[in-house]
Amino acid sequence: MDTSIKIDPQWAWEAYRPTAAAPWNLQRVGHLYRRAGFGANAAELEAGLKAGPDAAIAALLKGGPGVEEFDARMDELASVIARTNNGQALSSWWLSRMLYTPHPLREKITLFWHNHFATSNAKVQNARLMLLQYALLHKHALGNFAVLLREMSYDPAMLVWLDGRGSKKGNPNENYARELMELFSLGIGHYTEKDIREAARAFTGWELVGTKAVFRPEQHDAGVKRVLGKQGAFKPDDIVAICLEQPACARFVCLKLFRFLVSDTLPVGQELLEPLAERFRKSGYDFADLVKTVLSSNLFFSKQAYRSKIKSPVEFALGMVRALEGRIGTTSLAQVLEQLGQNLFHPPSVKGWDGGPAWLNGQTLLYRQNLALAFCSTEDGRFGNRLDPAVLLRRHRQTTDEQRVAFLLRLFLQDDVSDATRQRLLDYARQAAASKPPVYWTADDIADQRVRSLCHLVLSLPEYQLA
Amino acid sequence: MISSRRDFLRASAVASGALAWSHSLPGFVERTAQAAGPLGKAGSKDTLLVVVELTGGNDGLNTVVPFKDPEYARLRPTLKLPTDQLKKVNDELGLHPSLTGFAELLEAGHLAIVQGVGYPNPSQSHFRSMDIWQAGSTEPTLTEGWLGRALKHLPSGTQSFHLKQANQSSPLAFEGAPMRVPSIASLQEFQLQTAASSGTDRREQQKFIESAVQPTGATGLLDFVSRTASNTYASSRRLAEVAQNYQPKVAYPETPLAGRLRLAAQLIDAGLGGRLFYVSIDGFDTHATQAPTHANLLATLSGAITAFFKDLKARGQADRVLVMTFSEFGRRVKENGSRGTDHGSGSQMFLIGGRVKAGVVGAHPSLTNVPDGNLSFHTDFRQVYAAILDRWLGVPSREVLGREFQPVAVFKG
């Protein structure tokens with residue numbers, strides 16, 4: 001990897017305009033839908049290509065029709081999960097949202113916030129509280145970060161997760177104050193241990209009554225605190241406001257969003273980040289504006305950003321399901337994703353998932369390949385047979401092996417594979433067509449089986465692991 | 001996120017230096033080459049740890065028996081084991097008659113018994129106490145395991161395995177690991193699967209998948225994925241061969257525990273880079289008619305671990321391996337009215353390996369000073385963990401356990 005490439009910060013965040021050297025092509029459409037959502041199906045790819053970048057991004061930010069009806073249906077399911085405290089069902093519920101929502105970008109950014117304020121039901125042990133926190137993240141996903149950060153400090157699940165509940169005057173618990181600064185707003189190196197101890201005093205007084213956070217003034221330390229150079233009888237909101245005033249705050253959040261939307265690996269210096277951070281500050285922490293700026297930028301659509309992320313397990317699995325145009329139950333999927341290392345509502349620690357190259361090792365790679373096979377083959381009953389590639393290709397009237405290979409490569413990799421790989425797929429198809437199948441198979445059976453194998457082979461390509 | 005990127009960049013820098021040859025060698029060959037260095041030095045790069053959980057609360061008092069103590073016979077009127085049947089450890093202690101294999105290992109210098117292990121204010125809830133042992137902590141809320149935290153300090157790419165019974169989920173001990181530790185029941189799960197119409201078709205598909213990850217001189221993440229995949233497929237193929245060719249060097253007993261340890265031996269033999277293994281055996285909650293059940297359980301335990309150790313020893317791996325047993329608590333010193341024993345505290349741990357300092361570590365807890373009828377402990381279990389972390393795995397125990405624990409001297413110099 002050439003890390004010496006100098007990126008002009010001004011150019012980086014200016015809106016991308018298609019040029020002859022950087023045309024609006026299928027690869028850029030696929031890139032946009034992988035990063036801003038959970039991947040595209042064939043129709044969405046072609047529509048995005050026709051729409052152009054501005055219209056495609058605007059549509060993603062706005063969401064499709066039927067959001068309210070969809071949310072209402074999912075809320076009903078959520079209330080059952082909450083009532084029965086079914087922590088197991090949380091992940092599959094969210095996966096259903098991701099798969100079927102008319103507003104994938106909002107869901108994707110909610111996932112970003114879940115990883116940012118990483119809270120696990122392993123400790124909270126209360127599905128209702130987890131769903132309330134989800135609702136908070138979802139509400140402000142494309143809203144205002146300052147408001148989200150403030151409300152998070154008395155979110156009931158967070159009060160359990162980082163021990164804010166029951167933290168009292170005289171004996172404050174420092175857990176929340178520490179993570180607020182280290183992981184939620186500033187990053188290590190931008191505060192002192194003294195700041196944490198003082199800020200912890202300001203967060204005393206919260207209690208949980210049922211599922212409600214209640215502030216008890218008599219348990220709150222109302223004395224004077226000194227935090228990050230300021231002094232006063234601070235309350236929780238004051239500490240959040242002080243954090244938001246720090247120049248490090250916008251940079252910290254922008255870098256995290258950059259890693260989430262743009263690249264796992266591209267080195268980012270302060271120079272590159274600062275224009276973005278400055279815009280974020282000036283907007284009063286308008287997160288929709290920040291997301292829009294990043295998604296519209298030259299850097300986002302550049303060669304440096306393209307395929308510079310490892311797909312998360314969620315992206316890998318849902319991308320296949322969406323492209324195959326299937327509808328599946330998500331209970332089995334949730335179990336598989338846990339094996340792949342991403343159990344939603346159960347991040348490994350308050351740091352969230354490490355992500356990037358850490359997603360892949362020998363075990364998870366094999367599990368990924370075998371999951372692709374389970375989706376493509378009709379032999380694995382876990383996901384039903386509603387993802388059958390043979391059905392998909394018939395629906396799209398792809399009848400010769402040449403057409404089929406071309407269709408699959410366009411759908412999953414937007415044609416971006418070497419000629420050698422394409423040729424080897426065709427060679428495989430020719431050989432498979434000539435091989436002797438079991439005697440009781442019909443001609444259709446034989447062709448269907450070949451299509452499923454071709455699809456699995458395409459999904460096994462290393463390029464498909466990249467977002 | 002940021003730190004993982006740093007790791008990745010470091011890894012690619014290292015890899016590019018070794019690119020010329022590492023591309024042509026699958027991962028297991030590289031690792032085997034590394035492993036050819038001095039083996040089994042405590043804290044060296046390739047030590048293995050196999051944790052065996054005795055679920056339910058093992059009756060330590062009838063496992064390593066203080067037969068000389070007159071209190072023993074008094075407290076255990078029906079459950080006391082006849083002195084002449086015990087496997088003598090020394091003039092005061094004897095192993096349960098079922099522990100034939102352990103007695104042999106002790107004789108051969110491969111078994112250590114750490115006495116009187118426990119922790120302050122012991123919980124007698126199975127769940128709470130098991131969590132405490134698995135987390136290596138007595139904090140009120142426990143979400144991470146000691147092995148999961150240890151994995152954060154082991155080289156990235158270190159693999160670990162929970163060898164599960166059907167439907168068992170991953171133990172708390174592995175929570176908090178940078179990557180989820182897989183729970184596997186069979187080698188089948190480690191095969192690259194295809195849905196093929198014939199044997200030829202299967203070979204063609206495998207050929208396609210494997211040739212797609214041959215190095216093409218690409219850089220960055222695509223190269224990273226290709227190298228990971230290429231190593232994985234090589235290991236998977238090697239595992240298939242191992243599954244076919246692996247012949248245990250000794251006969252394993254026909255028990256599920258022995259089957260799981262045999263699977264661990266296969267994984268170790270395949271050279272997949274696995275270092276931490278976790279198995280469990282349930283049934284130790286012997287509230288009634290304890291004697292026959294306990295005898296069977298200990299025979300199963302001793303038989304399986306002994307076969308496993310001998311198998312690895314015959315493969316020249318004795319000095320790399322350490323087996324550790326633990327249970328969430330011991331049992332009440334005085335037997336109950338149902339010829340069983342109730343939940344207690346303080347018990348012993350066994351350590352088996354080529355580098356352990358064989359014999360008994362620490363005194364047997366007193367049978368007269370028994371607060372609430374339970375044995376008191378003199379060695380915190382985290383002192384044993386500290387020894388394993390610092391001196392066997394080469395992981396800073398302070399980081400994993402949250403504070404300093406004086407390691408127990410259980411390894412040879």
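Letters A, B, ... mirror the listed sequences (proteins, then strands); counts begin at 1. Atom set for the values below is all heavy atoms of this structure, side chains included, hydrogens, waters and symmetry mates excluded.
Heavy atoms of A:Leu360 lying under 4.5 Å from chain B belong to its backbone as well as its side chain. Contact annotation for A:Thr364: only side-chain heavy atoms (C-beta onward) come within less than 4.5 Å of a heavy atom of chain B. When heavy atoms are compared at a cutoff of 4.5 Å, B:Ser160 approaches chain A solely by way of its backbone atoms N, CA, C and O. Neither the backbone nor the side chain of B:Thr200 comes within contact range of chain A; no heavy atoms are under 4.5 Å apart. Contacts of A:Glu338 with chain B are made by both backbone and side-chain atoms, with heavy-atom separations under 4.5 Å. For chain A, the nearby part of B:Ile184 is the side chain; its heavy atoms alone come within less than 4.5 Å. Using a 4.5 Å cut-off between heavy atoms, B:Glu175 does not touch chain A at all.
Interface residues of residues 138-153 of chain B toward chain A, defined by a heavy-atom distance below 4.5 Å and sorted by number: B:Thr141, B:Thr143, B:Glu144. Inspection of non-hydrogen atoms places A:Gln449, A:Ser453, A:His456 of residues 446-456 of chain A under 4.5 Å from chain B.
Highest contact tally toward chain B, considering only A:Leu425, A:Leu461, A:Asn370, A:Leu365, is held by A:Asn370 [criterion: heavy-atom pairs under 4.5 Å]. The residue among A:Gln465, A:Lys436, A:Gln431, A:Gln339 with the most heavy atom pairs within less than 4.5 Å of chain B is A:Gln431.
The two residues B:Leu192 and A:Gln369 have their closest heavy-atom pair at CD1-CB, 3.8 Å. The minimum heavy-atom distance linking B:Ala195 with A:Leu373 is given by the pair N-CD1, 3.6 Å. Nearest heavy atoms, A:Tyr428 versus B:Asp201: OH-OD1, 2.6 Å. Contact between B:Tyr233 and A:Ser460 at its shortest, heavy atoms only, is OH-O, 4.3 Å. The shortest non-hydrogen separation linking B:Ser211 to A:Arg424 is OG-NH1, 2.5 Å. Minimum interatomic distance between A:Pro462 and B:Ala212 (heavy atoms only, all atoms of both residues): CG-O, 3.6 Å.
Here A:Ala334 pairs with A:Ser91, A:Ser92, A:Leu95 under the side-chain contact (heavy atoms from CB on, under 4.5 Å) rule; sequence neighbours left out. By the salt bridge (charged side-chain N to carboxylate O under 4.0 Å, His left out) test, B:Arg202 is found to be paired with no residue, residues two or more places apart in sequence or in another chain being considered.
For the pair A:Pro437/B:Ser198, no side-chain contact is recorded, criterion being any heavy-atom separation below 4.5 Å from C-beta on. Considering only heavy atoms from C-beta on, A:Glu463 comes within 4.5 Å of B:Leu222 through its side chain.
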**Asked** Where do B:Phe208 and A:Asp427 land on the side chain to side chain contact (heavy atoms under 4.5 Å, CB included) test, with the steps shown first?
**Response** CA-CA 10 Å; B:Phe208 177 91; A:Asp427 290 347; over 6 Å; no
Report task. Mind running side chain to side chain contact (heavy atoms under 4.5 Å, CB included) on A:Leu457 and B:Gln205 for me, showing each step along the way? Result -> CA-CA 7 Å; A:Leu457 294 183; B:Gln205 290 190 30; 4.1 Å; yes
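Around atom CD of A:Gln88, no more than 12 heavy atoms belonging to other residues, nucleotides or ligands sit under 6.0 Å away.
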